[in-house]
Amino acid sequence: MADKIQSIRGMNDILPADSPAWQFIEEKLRQLMQSYDYDEIRFPIVEKTALFKRSIGEVTDIVEKEMYTFDDRNGDSLTLRPEGTAACVRAGIQNGILVNQQQRLWYMGPMFRHERPQKGRYRQFHQMGVEVYGLDGPDIDAELICMTARLWKILGLLDSVKLQINSLGTPASREVYRSILSGYLQANKSLLDEDSLRRLQSNPLRILDSKNPAMQEMIEQAPRLMDHLDDESNVHFTRLCAYLDSVGITYEVNTRLVRGLDYYSKTVFEWVTDKLGAQGTVCAGGRYDGLVKQLGGRDTKAVGFALGLERLISLLQQDDLEKHYKHPHAVMLMMGERAQNAGFALTEELRNAVPDVRILSVCGGGSFKTQMKRADKSQAEIALILGDDELDNNTVTVKYLRAEQGDDKTQQEQLSQQQLIPLLTEKTQ
RNA sequence: GUGAGCGUAGCUCAGCUGGUAGAGCUCAGGAUUGUGACUCCUGCGGUCGAGGGUUCGAACCCCUUCGUUCACCCCA
């Protein structure tokens, strides 16, 4: 046997059994975006490598070891997008839609990170992202959080997720805090693990995020960013909390919430769950006021979040997902050569006459029994049977495959072909 | 990148201390000439992930390798 070519590790097929769930989620997300009047933007899945290095940060894990980077034929270094924000900002700047205006944008699609796959983490995964430009107030931060809370409500997941928020302050205030924290960590250097020692130089804030039990007490005692915020950030955060309180969204202030990407400032938030194994974050984001300028645009305030679709889908109950599978309204059986010829055209006519109807044609012939079995398996509500008898008197036999006692129609009946149209129309409503 | 568990039919899995490969589901046919679902019968389907070693003999033991799952790290 020849070697089978397999998919890339961590890049999964979405099979017919799962695609209805994806379509359902995607539809709900589109509706949600419409209800807040946000606009969709689409950008390529490949960008110049430098874009991600400059935006995400050179010393982050994503850039250091997780990017799919390769050389184009002309020697340019390209990278499969590991997240959406950088490319969204690039597209916004390049097309001049960020200058002196407000944009509320969303996008959905695959992202790529070369990590070891595990539950809720894949090399190709899907995100829905939202980015808002040109608004600097806490009201828009709150709007994004409300939007996500609304999604949990729509999907019945309110009990599964919890909101954590924090403020990272302005870059200036963070710089002050950073040196204070570094001093504290230096003083406790003997307690740091190997990872943290490495981060002491590159990104000391991330040490606060460590789950190492041996370091928890030292981290608890560390100076808190929240206590070193500048006035501007403090007001921003206080007002954000007030907005959330006013709509009854409960949250936990997690002063150790840092986020992995360099570009965040002020508000950061995460929706976390304990139902996804080791992957607790299903949605996360924050404000990134400096990024647009950093990538060459005019100084533009920005805030956004991203949602992991695989994680979202695995939070939903399997039963809930299966019910979104759409079975055909009708299944067409054709007995014998005459019927196959006539039925082929008839099925097309029915689709013309009732555009929303879903009709499965039992192709491939076979005995009556075989066709009935396939018809049953399709889960269709009614079977349309066409054979010599029906052709001779210009009718179609209609059999109600799912009828239970007490239903209007339980017995099969012979209808004229014209009578099928109102019947099928009724099924689509 | 590191660690652990698991790879047997299309799918879900049995297979004892090493002794010639099994079930259920699916699919096809039949019991029932044009009536499905429930039942019964029959059939199709495997280089036991791959390569090497030990042995008279390996799905089983050893080594290597690949895949996969979960976890660490990190993240959506």
Side-chain angles (χ1 to χ4, degrees), chain A residues 1 3-10 12 15 17 56 59-67 81-85 108-130 148 161 193-196 198-199 203 206 209-212 258-261 269-273 276-286 304-315 331 333-336 339 362 364 366-380 382-391 397-404 411-412 414:
Chain A
M1 183 168 52
D3 284 346
K4 279 184 278 189
I5 296 178
Q6 292 192 289
S7 64
I8 312 296
R9 177 200 290 256
N12 300 319
L15 298 175
I56 296 168
V59 296
T60 56
D61 276 27
I62 291 179
V63 170
E64 278 182 341
K65 52 190 192 193
E66 294 174 2
M67 295 205 303
R81 62 186 189 192
E83 55 109 42
T85 301
M108 185 152 53
M111 307 290 165
F112 303 85
R113 290 184 201 171
H114 192 106
E115 303 179 87
R116 198 74 170 257
Q118 68 187 72
K119 189 181 179 70
R121 201 181 67 186
Y122 310 99
R123 290 186 173 181
Q124 173 173 330
F125 61 103
H126 297 78
Q127 285 187 341
M128 197 279 283
V130 176
T148 49
V161 291
D193 60 20
E194 196 182 328
D195 255 358
S196 301
R198 193 169 52 82
R199 291 204 187 106
N203 196 347
R206 297 244 42 158
D209 232 5
S210 170
K211 287 176 218 156
N212 186 342
V258 174
R259 311 285 312 120
L261 291 70
F269 68 93
E270 260 185 38
W271 288 94
V272 297
T273 179
L276 285 182
Q279 264 57 48
T281 306
V282 64
C283 171
F305 69 82
L307 187 68
L309 296 189
E310 280 84 357
R311 290 182 186 180
L312 181 54
I313 284 174
S314 59
L315 270 182
V331 54
L333 288 70
M334 293 163 253
M335 297 305 304
V362 174
S367 69
F368 198 97
K369 184 193 188 77
T370 300
Q371 294 204 34
M372 278 303 291
K373 278 188 173 179
R374 291 194 202 132
D376 181 55
K377 234 190 130 191
S378 77
Q379 299 280 308
I382 57 180
L384 306 176
I385 302 168
L386 194 65
D388 287 339
D389 296 350
E390 287 80 2
L391 282 177
T397 295
V398 177
K399 183 173 172 107
Y400 297 88
L401 296 172
R402 316 282 142 208
E404 293 173 16
Q411 297 298 309
Q412 74 180 37
Q414 294 216 333

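So you know, we letter chains A, B, ... as the sequences are listed, proteins then strands, and number each from 1. If you're wondering where the values come from, they're calculated on a predicted model, not measured in any experiment. Atoms considered below: every heavy atom in the structure, side chains included; atoms not considered: hydrogens, waters and symmetry mates.
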- Separation of the P atoms in B:G43 and B:U8, to the nearest angstrom: 25 Å
- Item | B:G19 to B:C60 separation - P atoms, rounded to the nearest Å | 11 Å
- Item | Listed once per pair and sorted, the salt bridge (charged side-chain N to carboxylate O under 4.0 Å, His left out) pairs that draw on residues 367-376 of chain A, sequence neighbours left out | A:Asp376-A:Arg402
OP1 or OP2 of [N] under 4.0 Å from side-chain N/O of [X]:
X	N	result
A:Gln118	B:U69	no
A:Thr370	B:G29	yes
A:Lys377	B:C27	yes

Minimum-distance nucleotide (side-chain atoms of [X] versus [options]):
X	options	result
A:Asp61	B:A37, B:C73, B:C70	B:C73
A:Arg113	B:A76, B:C72, B:G36	B:A76
A:Gln279	B:U35, B:G36, B:A71	B:A71
A:Lys373	B:G36, B:C72, B:G34	B:G36
A:Thr281	B:C75, B:A71, B:G36	B:C75
A:Asp376	B:G34, B:A76, B:G36	B:G36
A:Ala284	B:G36, B:A76, B:A71	B:A76
A:Gln6	B:G34, B:C70, B:G67	B:G67
A:Met372	B:G34, B:G36, B:U26	B:G36

Report the distance from atom [atom1] of [X] to atom [atom2] of [Y], rounding to the nearest 0.5 Å.
X	Y	atom1	atom2	result
A:Leu309	A:Met108	CG	CE	6.5 Å
A:Ser367	A:Met372	OG	CE	11.0 Å
A:Lys399	A:Leu333	NZ	CG	10.5 Å

- Query: Regarding A:Thr397 and A:Gln412, is there a side-chain donor-to-acceptor distance under 3.5 Å anywhere?
  - Reply: no
I want to check something: taking the side chain as every heavy atom from C-beta on, are [X] and [Y] in contact at a cut-off of under 4.5 Å?
X	Y	value
A:Pro110	A:Arg81	yes
A:Phe368	A:Ile385	yes
A:Arg311	A:Arg121	yes

If you go through the side-chain atoms of [X], does one of them form a donor-acceptor pair with the base of [N] closer than 3.5 Å?
X	N	value
A:Lys399	B:U35	yes
A:Arg121	B:C73	yes
A:Arg9	B:U68	no

Which part of the nucleic acid, if any, lies within reach of [X] when heavy atoms closer than 4.0 Å are counted: base, sugar-phosphate only, or nothing?
X	result
A:Glu64	nothing
A:Tyr400	nothing
A:Gly120	base
A:Gln412	base
A:Thr60	nothing

- Message: Dot-bracket for RNA chain B, please. Rules: Watson-Crick or G-U, both distances under 3.5 Å, ( ) within the strand, [ ] when a pair crosses earlier ones, | for another strand, . otherwise.
- Response: (((((((..((((.....[..)))).(((((.......))))).....(((((..]....))))))))))))....
- Task: For side chain to side chain contact (heavy atoms under 4.5 Å, CB included), just list the numbers for A:Thr148 and A:Val161, CA-CA rounded to whole Å, side-chain angles, deciding distance to a tenth of an Å, and then say yes or no.
- Result: CA-CA 11 Å; A:Thr148 49; A:Val161 291; over 6 Å; no
In whole angstroms, how far is the [atom2] atom of [N] from the [atom1] atom of [X]?
X	N	atom1	atom2	value
A:Phe368	B:A28	CZ	P	16 Å
A:Lys369	B:C27	NZ	P	13 Å
A:Glu83	B:A76	CD	C1'	10 Å
A:Glu270	B:A76	CD	C1'	9 Å
A:Glu115	B:C70	CD	P	14 Å

- Backbone N/O of A:Met334 and side chain of A:Gln371: donor-acceptor pair under 3.5 Å: yes
- Message: Tell me which one of A:Gln127, A:Gln124, A:His126, A:Arg123 satisfies side chain to side chain contact (heavy atoms under 4.5 Å, CB included) with A:Met111.
- Response: A:Gln127
- Message: For RNA chain B, which residues of residues 307-315 of chain A approach it to below 4.0 angstrom with any heavy atom?
- Response: A:Gly308, A:Arg311
- Message: Return whichever of A:Gly387 or A:Arg374 has its heavy-atom-nearest nucleotide of RNA chain B closer to the 5' end.
- Response: A:Arg374
- Walking RNA chain B from its 5' end, the first of A:Ser7 and A:Arg206 to be reached, judged by nearest nucleotide, is A:Ser7
- Please name the pair of heavy atoms, one in A:Phe305 and one in A:Cys283, separated by the smallest distance, quoted to 0.1 Å. CD1-SG, 3.7 Å
